[in-house]
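Read through the structure below, which is laid out as structure tokens, and then see the notes.
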Amino acid sequence: QFKRIPLPKQSKDELYQMGETFNNMIELLEVNYEKQGQFISNASHELKTPLTVIESYASLLKRRGKDQPELFDESIQAIHSEAIRMKDLTQQLLLLARNEQHWLLEKEEIHLNEVVKEAVRSFEKAYNREVELKQETEVVINADLQRFKQLFFILMDNARKYSEERIVVKISSSKDQAVVSVTDRGIGIPSGELEKVYDRFYRVDKARSRKTGGFGLGLSLAKEIADAMEATIALESVEGLGTTAKISLPLSDSH
Ligand code: ADP
């Protein structure tokens with residue numbers, strides 16, 4: 001708690017206004033402090049869970065591994081998958097931190113059709129999932145390629161995690177915007193949660209998310225990347241039917 005300047009009740013002169021501005025700034029600082037504290041506590045908690053699992057399996061192996069070799073497979077599998085979970089979380093945290101440092105955008109001319117096609121192909125291979133690519137138009141944008149790929153990947157990854165059927169990716173344009181949409185026919189997001197999914201560490205269903213591997217950081221990072229590159233993200237979803245995530249970016253002037 002920071003100290004506020006006591007404001008006189010009667011006069012609202014310049015001094016009063018300065019005091020008021022100062023108090024507003026204090027207010028913002030406090031909110032920031034609280035958010036940061038919350039973030040660190042969430043992150044530590046998420047790291048602690050896999051660490052606890054790793055620790056208990058390791059100590060089980062230490063105590064009984066020699067006498068009961070049948071424990072080996074289960075333990076190593078658990079240790080391995082929890083270590084991967086920790087690695088994923090660390091990677092996402094690093095991306096968040098890097099984005100916060102406002103790294104310079106490296107804008108270049110991107111032929112979206114090619115880039116998306118390539119990304120979709122490697123996605124299909126990596127996850128053995130079928131993706132339908134609809135290309136309504138050829139679009140060219142001026143943007144940071146790495147960031148666009150990160151953004152696109154987060155949306156594809158969510159479609160993969162929360163649906164089983166084929167994912168549809170569409171490239172189109174409207175007015176001066178290029179639009180890339182990712183549609184899945186998965187579990188969808190309840191309408192009351194649509195606003196909240198952008199919050200850091202927010203997950204609609206924590207228990208289920210733990211199985212699918214999410215930490216609730218993907219969309220918050222996507223939103224931050226989008227803001228940095230003058231793009232917008234929009235989610236449309238019907239619970240039980242599926243979700244469409246749309247990225248809109250300004251079309252390149254020269255095209
Ligand atoms: P996570 O890594 O947990 O997927 P995100 O920030 O990307 O984190 O998403 C937050 C939450 O929003 C998810 O935990 C999930 O509950 C919900 N969500 C996001 N995308 C989808 C989707 N395509 N279908 C259903 N639910 C989704």
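- Using a cut-off of 4.0 Å between Lys/Arg side-chain N and Asp/Glu carboxylate O, Arg200 and Glu224 are scored as salt-bridged.
- Screening Leu133, Val182, Thr183 for a side-chain contact (heavy atoms from CB on, under 4.5 Å) involving Ile167 leaves a single residue, Val182.
- Annotation for Asn128: atom CG does not count as buried by contact number, only 12 or fewer foreign heavy atoms lying within 6.0 Å.
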>> Run Glu230 and Arg147 through salt bridge (charged side-chain N to carboxylate O under 4.0 Å, His left out) and show every step you take.
In response: CA-CA 11 Å; Glu230 291 168 70; Arg147 291 201 184 207; over 6 Å; no

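- For Tyr198 and Tyr202, the gap between ring centers reaches or exceeds 6.0 Å.
- Contact check on Arg160 versus Glu165 returns no salt bridge, with no Lys/Arg side-chain nitrogen under 4.0 Å from an Asp/Glu carboxylate oxygen.
- Contact check on Arg4 versus Glu27 returns a salt bridge, with a Lys/Arg side-chain nitrogen under 4.0 Å from an Asp/Glu carboxylate oxygen.
- Residues Tyr57 and Glu82 have side chains not in contact (no heavy-atom distance under 4.5 Å, counting atoms from C-beta outward).
- With salt bridges taken as basic N to acidic carboxylate O contacts below 4.0 Å, none links Arg129 and Glu124.
- At a threshold of 4.0 Å, the pair Glu236-Lys246 counts as salt-bridged, since one of the basic side-chain nitrogens sits closer than that to a carboxylate oxygen.
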>> Is there a side chain to side chain donor-acceptor pair (under 3.5 Å) between Asn142 and Glu109? Walk through the geometry before answering.
In response: CA-CA 5 Å; Asn142 233 321; Glu109 195 173 88; 5.6 Å; no

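- Shown are Leu219, Val180, Thr243; of these, the side-chain contact (heavy atoms from CB on, under 4.5 Å) with Leu155 is made only by Leu219.
- For OH of Tyr127, the number of neighbouring non-hydrogen atoms (other residues, nucleotides, ligands) closer than 6.0 Å is greater than 12.
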